[in-house]
Visitor: 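Here it is, the structure, as structure tokens.
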Amino acid sequence: MISFFSPAQLVHLREQRRHPTCLIFLSGPSASEVSTSQLRAMDIIAVNGSARYLLDQDIKPFIYLVTDGRFARQRLEEFQRHVTESAFTFINQEVFDAAPADLQRWLAERCFIIKELYKREKSGPLKKLKYAFFCARHPSVMMDVPFSRKKRMKGFSKDITVGYCNCKTVAYAAIQLAYSLSYGKIICAGFDLTSGGQRFYERPGEAAMPSEISQDTQKIIAVLRFMREKINPPIFTLSTTTVIPYDIIPLIEHTDEEVK
């Protein structure tokens, strides 16, 4: 029986925050341009392999987040280091379920587990009705569920204990997590979505993880626009190379003063 991240744990984690601003440290090439002084001035949510870059510079992530079971399986030793050395770790049910029994026990002792509210983004009338009832019971979750099976669901959860809405990228889960923790400012580093899905932390000769970012870019942008229009979170980006329009996630100047 999985024990999911609870409201009481959320309250406790809010009390552990060290800074009013959260930096979501992602995998795009522009993440490597963030200065160490900036990295040390904010609470960091690191994802996948971006945590290695931080730990190698003696910077401890406040939260380590993984929602893709492939990373934990294919880079197990690296993943375990990140879990052990970060202050807190979040994984989703997919990561937990994909692990063998001995690793599941290890994860249950060290990680908070969060729910993904839907897997398939395509929907029909019955699913629209289902999620309409769900949102009525959970007003912290906002969803747009079209009748047409050809159109895609969009959603945003303001309470990560209820679950998070999918958007083809771990960045969107991280944004919902940061919002749930009530940060006054959320800043993204490396949220580029540039072609090829390059990850700044991958080393020469290292087997690259597969990426579908290029084919999913417009789907991601559509959900981010929904987020901006319906939720309007206090979110900004440090990336000057991103394909995400700045009217969705505004650019914040690359100075230490601006990010505080």
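Worth saying up front: this structure is predicted, and the values here are computed from it rather than measured. All values below come from the heavy atoms of this structure, side chains included, with hydrogens, waters and symmetry mates left out.
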Visitor: Would Lys158 and Tyr179 count as a cation-pi pair here, with the cationic atom under 6.0 angstrom from the ring centre and within 45° of the axis?
Guide: no

Visitor: Tell me whether Lys185 forms a cation-pi arrangement with Phe236, defined as NZ or CZ under 6.0 Å from the six-membered ring centre and within 45 degrees of its axis.
Guide: yes

Visitor: Would a 4.5 Å heavy-atom cut-off, applied to side chains only, mark Thr67 and Leu65 as touching?
Guide: yes

Visitor: Tell me, with the steps shown, if Ile2 and Asp97 meet side-chain contact (heavy atoms from CB on, under 4.5 Å).
Guide: CA-CA 10 Å; Ile2 296 176; Asp97 289 346; 3.8 Å; yes

Visitor: Check the side chains of Gln176 and Tyr172 for a donor-acceptor pair under 3.5 angstrom, ignoring hydrogens and angles.
Guide: no

Visitor: Are Asp102 and Arg105 ion-paired here, with the side-chain N under 4.0 Å from a carboxylate O?
Guide: no

Visitor: Is there a ring pair (Phe, Tyr, Trp, His ring centres under 6.0 Å) between Phe88 and Phe62? Walk through the geometry before answering.
Guide: CA-CA 6 Å; Phe88 302 98; Phe62 179 59; 5.5 Å; yes

Visitor: Scan Val223, Val145, Asn166 and name whichever one has a side-chain contact (heavy atoms from CB on, under 4.5 Å) with Met153.
Guide: Val145

Visitor: Apply side-chain contact (heavy atoms from CB on, under 4.5 Å) to Leu23 and Gln38, showing your working.
Guide: CA-CA 9 Å; Leu23 178 72; Gln38 288 175 313; over 6 Å; no

Visitor: Kindly give the heavy-atom pair with the smallest separation between Ser3 and Ile113, and that separation in Å.
Guide: O-CB, 4.2 Å

Visitor: Measure the spacing between NZ of Lys154 and NZ of Lys230 and express it to the nearest 0.5 Å.
Guide: 10.0 Å

Visitor: Does the side chain of Thr161 come under 3.5 Å of the side chain of Asp159 through a donor N or O and an acceptor N or O?
Guide: yes

Visitor: Which is it for Ile63 and Leu13 under the side-chain contact (heavy atoms from CB on, under 4.5 Å) test, yes or no, and what are the steps along the way?
Guide: CA-CA 10 Å; Ile63 291 172; Leu13 195 56; 4.2 Å; yes

Visitor: Where do Ala136 and Pro139 come nearest, in terms of heavy atoms and distance?
Guide: O-CD, 4.1 Å

Visitor: Does the distance from a Lys or Arg side-chain N to an Asp or Glu carboxylate O, for Asp43 and Arg18, drop under 4.0 Å?
Guide: yes

Visitor: Could you give the distance from NZ (Lys115) to CD (Gln93), rounded to the nearest 0.5 Å?
Guide: 9.0 Å

Visitor: Would you say Leu76 and Val66 are hydrophobically clustered, going by side-chain heavy atoms of ILVMFWY under 4.5 Å?
Guide: yes

Visitor: When you check the gap from the basic side-chain N to the acidic O, do Asp247 and Arg228 get nearer than 4.0 Å?
Guide: no

Visitor: Just by modelled atom types, is the Val83 backbone N or O under 3.5 Å from a matching donor or acceptor in the Ser86 side chain?
Guide: no

Visitor: Which pair of non-hydrogen atoms, one from Arg225 and one from Pro245, has the smallest distance, and what is that distance?
Guide: NH2-CG, 4.0 Å

Visitor: Would you check if the side chain of Arg75 reaches a backbone N or O of Gln80 as a donor-acceptor pair within less than 3.5 Å?
Guide: no

Visitor: Quick one: does NZ or CZ of Arg17 land under 6.0 Å from the six-membered ring centre of Tyr183, within 45 degrees of the ring axis?
Guide: yes

Visitor: Does the ring center of Phe5 lie less than 6.0 Å from the ring center of Phe90?
Guide: yes

Visitor: Can you tell me how far apart CG (Leu107) and CZ (Arg110) are? Round to the nearest 0.5 Å.
Guide: 8.5 Å

Visitor: Looking at Arg152 and Asp144, is there a salt bridge between them, counting it only when a charged N and a carboxylate O are closer than 4.0 Å?
Guide: no

Visitor: Looking at Glu77, I want to see if its CD is surrounded by more than 12 non-hydrogen atoms of other residues, nucleotides or ligands under 6.0 Å.
Guide: no

Visitor: Side-chain contact test, heavy atoms from C-beta onward, threshold under 4.5 Å: evaluate it for Ile187 versus Cys22 and give yes or no.
Guide: no

Visitor: Please say yes or no: joined through hydrophobic side-chain contacts below 4.5 Å, possibly via intermediate residues, are Ile24 and Leu55 part of one cluster?
Guide: no

Visitor: Report yes if the side chains of Phe4 and Ile114 come closer than 4.5 Å at any heavy-atom pair, otherwise no.
Guide: no

Visitor: Under 4.5 Å between any side-chain heavy atoms of Tyr131 and Tyr118, yes or no?
Guide: yes

Visitor: Working note: Phe191 + Ile175, criterion side-chain contact (heavy atoms from CB on, under 4.5 Å); need CA distance, chi angles, decisive distance, verdict.
Guide: CA-CA 11 Å; Phe191 202 3; Ile175 292 168; 4.2 Å; yes

Visitor: Indicate whether the side chain of Ser30 and that of Asp192 have a donor and an acceptor atom separated by less than 3.5 Å.
Guide: yes

Visitor: Testing the basics here: between His19 and Ala41, what is the closest heavy-atom pair and its distance to 0.1 Å?
Guide: ND1-O, 3.4 Å

Visitor: Indicate yes or no: at least one non-hydrogen side-chain atom of Glu94 is less than 4.5 angstrom from one of Asp68.
Guide: yes

Visitor: Got Ile220 and Leu193 here, is their nearest side-chain heavy-atom distance under 4.5 Å?
Guide: yes

Visitor: Arg52 versus Glu78: any side-chain heavy-atom pair under 4.5 Å?
Guide: yes

Visitor: With the threshold set at 4.0 Å, does a side-chain nitrogen-carboxylate oxygen contact exist between Glu85 and Lys60?
Guide: no

Visitor: Rounded to the nearest 0.5 Å, how far apart are CZ of Phe156 and SG of Cys165?
Guide: 8.5 Å

Visitor: To the nearest 0.5 Å, what is the distance between CD1 (Ile45) and CG (Leu181)?
Guide: 6.5 Å

Visitor: To the nearest 0.5 angstrom, please state how far the NE2 atom of His138 sits from the OG atom of Ser157.
Guide: 9.5 Å

Visitor: What are the two closest heavy atoms between Ile248 and Pro250, and how far apart are they?
Guide: O-CD, 3.8 Å

Visitor: Could you check whether the rings of Phe79 and Tyr64 sit parallel, tilted or perpendicular, using 30° and 60° as the cut-offs?
Guide: tilted

Visitor: With no hydrogens and no angle check, is any side-chain donor or acceptor of Glu229 less than 3.5 Å from a backbone partner on Phe226?
Guide: no

Visitor: Side chains of Phe71 and Val95, heavy atoms from C-beta outward: is any pair under 4.5 Å?
Guide: no

Visitor: Going by atom types only, do Thr237 and Ser239 share a side-chain donor-acceptor pair under 3.5 Å?
Guide: no

Visitor: List the atom of Leu54, the atom of Pro61, and the distance in Å for their closest heavy-atom pair.
Guide: CD1-CG, 3.9 Å

